[in-house]
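Structure, as structure tokens:
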Amino acid sequence: MPELADRVTSEGAVQHRAGPSGPRVNLGCGPVMKDDWINVDGSHRAWLVAQASPLDRLLVRLGLIAPTAFKPSVVYHNLLKPLPWASGSIAAIYAGEVWEHLRYADAERLTRECYRVLAKGGVLRLCVPDGVEFWRRYLEIFAEEHATARPRRRPERLRRHVQMYFDDICTARNLIMSFGHFHKWQYDEVQLVDLMEQNGFTEVEREPFWVSRIAGIEAIERSDFLIVEGVKA
Ligand SMILES: C[S@@+](CC[C@H](N)C(=O)[O-])C[C@H]1O[C@@H](n2cnc3c(N)ncnc32)[C@H](O)[C@@H]1O
């Protein structure tokens, strides 16, 4: 239940211990673009829409590319480079399913960059797939199949899980055309809390879906994976 001081929005999100007001950034926004956020993405499509929106629309009309959710207001930026804002100028940063697309050292650099651009009291909120859930499910399936008499075992259940790991998770490939589409790290609560604390954040805690200091988080938070939030003191 929300605490008394919590504010439940019309969408059902809970804003507790409200952070500062000011610009809010949605890093690695992908198709999740909301007008009152600064939406940032480094994909080639984001570049095309940001730099040449009429050309993008023409290519869509000609049936050469599929329609996109990116709008011309998208800020095209590669997160491997320093963030394009002045120190202390941003109130809140959200990144949904982005940090796992970076090598660990790059994630450390980006976390430090978030700390730099946030104002005092500003909030960083990261949502990533939870490695613990992945392996817990693997062990569950293993236990079920192992306890089954051999002729009735279904090893394909384990193979599907392992396949998902090698196809979507445990790959450091960095293809020119889809640099954002492969996971380069796997997080759990211990690692993610440590990453934020080691890079200056305080009050770092795991948070439930849509429970945040960031006003309006419900507009852009789509996944209830592992979510950790911290504050620049
Ligand atoms: C899995 S999508 C997440 C989209 C959205 N945030 C959501 O919650 O559904 C990851 C996004 O991060 C972007 N991305 C990954 N690596 C990036 C980088 N180095 N620079 C900028 N954007 C990056 C990708 O282009 C992609 O749109």
Heavy-atom check, side chain of [X] versus side chain of [Y], under 4.5 Å:
{"X": "Tyr104", "Y": "Tyr187", "value": "yes"}
{"X": "Phe201", "Y": "Leu118", "value": "yes"}
{"X": "Val117", "Y": "Val25", "value": "no"}
{"X": "Arg61", "Y": "Leu59", "value": "no"}
{"X": "Asp35", "Y": "Lys71", "value": "yes"}
{"X": "Leu83", "Y": "Arg116", "value": "yes"}

I need the [X] [atom1] to [Y] [atom2] distance, nearest 0.5 Å.
{"X": "Glu189", "Y": "Ile227", "atom1": "CD", "atom2": "CD1", "value": "11.5 Å"}
{"X": "Asp56", "Y": "Gln51", "atom1": "CG", "atom2": "CD", "value": "12.0 Å"}
{"X": "Asn199", "Y": "Tyr115", "atom1": "CG", "atom2": "OH", "value": "10.0 Å"}
{"X": "Glu108", "Y": "Leu110", "atom1": "CD", "atom2": "CG", "value": "11.0 Å"}
{"X": "Met33", "Y": "Asn26", "atom1": "CE", "atom2": "CG", "value": "8.5 Å"}
{"X": "Glu218", "Y": "Phe209", "atom1": "CD", "atom2": "CZ", "value": "9.5 Å"}

Walk me through it: do Arg57 and Leu55 pass the test side chain to side chain contact (heavy atoms under 4.5 Å, CB included)? CA-CA 5 Å; Arg57 285 200 300 276; Leu55 174 61; over 6 Å; no
Just checking, is any N or O donor in the side chain of [X] or [Y] under 3.5 Å from an acceptor N or O on the other one?
{"X": "Asp188", "Y": "Gln191", "value": "yes"}
{"X": "Arg45", "Y": "Thr68", "value": "no"}
{"X": "Glu207", "Y": "Ser212", "value": "no"}

May I ask you to decide if [Y]'s main-chain N or O and [X]'s side chain share a donor-acceptor pair within less than 3.5 Å?
{"X": "Thr111", "Y": "Ala107", "answer": "yes"}
{"X": "Asn39", "Y": "Trp37", "answer": "yes"}
{"X": "Thr9", "Y": "Ala13", "answer": "yes"}
{"X": "Lys232", "Y": "Gly121", "answer": "no"}

Evaluate Arg157 against Glu144 for salt bridge (charged side-chain N to carboxylate O under 4.0 Å, His left out), listing each step before the verdict. CA-CA 10 Å; Arg157 294 179 71 209; Glu144 286 165 17; 2.9 Å; yes
Please report the shortest heavy-atom distance between [X] and [Y], naming the atom on each side.
{"X": "Arg24", "Y": "Gly216", "result": "NH1-CA, 3.9 Å"}
{"X": "Ser223", "Y": "Cys127", "result": "O-SG, 3.5 Å"}
{"X": "Thr202", "Y": "Ala233", "result": "OG1-CB, 3.7 Å"}
{"X": "Gly88", "Y": "Ala119", "result": "O-CB, 3.5 Å"}
{"X": "Pro23", "Y": "Ile90", "result": "O-CG2, 3.5 Å"}
{"X": "Cys29", "Y": "Val74", "result": "SG-CG2, 4.1 Å"}

Would [X] and [Y] pass as an ion pair if we require N to O under 4.0 Å?
{"X": "Glu203", "Y": "Arg213", "result": "yes"}
{"X": "Glu100", "Y": "Lys184", "result": "no"}
{"X": "Glu113", "Y": "Lys81", "result": "no"}
{"X": "Arg153", "Y": "Glu145", "result": "no"}
{"X": "Arg125", "Y": "Glu221", "result": "yes"}
{"X": "Arg136", "Y": "Asp130", "result": "no"}

Are [X] and [Y] connected, step by step, through hydrophobic side chains (Ile, Leu, Val, Met, Phe, Trp, Tyr) whose heavy atoms are closer than 4.5 Å?
{"X": "Ile141", "Y": "Val162", "value": "yes"}
{"X": "Tyr138", "Y": "Phe225", "value": "no"}
{"X": "Phe70", "Y": "Ile38", "value": "no"}
{"X": "Leu79", "Y": "Met196", "value": "yes"}

Assess whether side chain to side chain contact (heavy atoms under 4.5 Å, CB included) is satisfied between Val190 and Val132, documenting all intermediate values. CA-CA 10 Å; Val190 172; Val132 173; over 6 Å; no
For Asp106, the side-chain contact (heavy atoms from CB on, under 4.5 Å) test, sequence neighbours excluded, returns Leu80, Leu102, Arg103, Arg109
Whether Tyr76 and Trp47 hold their rings parallel, tilted or perpendicular, with breakpoints at 30° and 60°: perpendicular
Which label fits His161 and Phe134: parallel for a plane angle under 30°, tilted from 30 to 60°, or perpendicular past 60°? parallel
Go through the steps for Arg222 and Val32 under the test side chain to side chain contact (heavy atoms under 4.5 Å, CB included), then give the verdict. CA-CA 9 Å; Arg222 296 289 172 91; Val32 190; 3.8 Å; yes
For the ring pair Trp135 and Phe142, is the centre-to-centre distance below 6.0 Å? no
Under 6.0 Å from the CH2 atom of Trp210, do we count more than 12 heavy atoms belonging to anything else shown? yes
Run through Leu124, Leu126, Val40, Asp41 and flag the one making a side-chain contact (heavy atoms from CB on, under 4.5 Å) with Leu27. Val40
Output, in order, the C-alpha distance, side-chain angles, deciding distance and verdict of side chain to side chain contact (heavy atoms under 4.5 Å, CB included) for Glu97 and Val128. CA-CA 5 Å; Glu97 296 179 64; Val128 294; over 6 Å; no
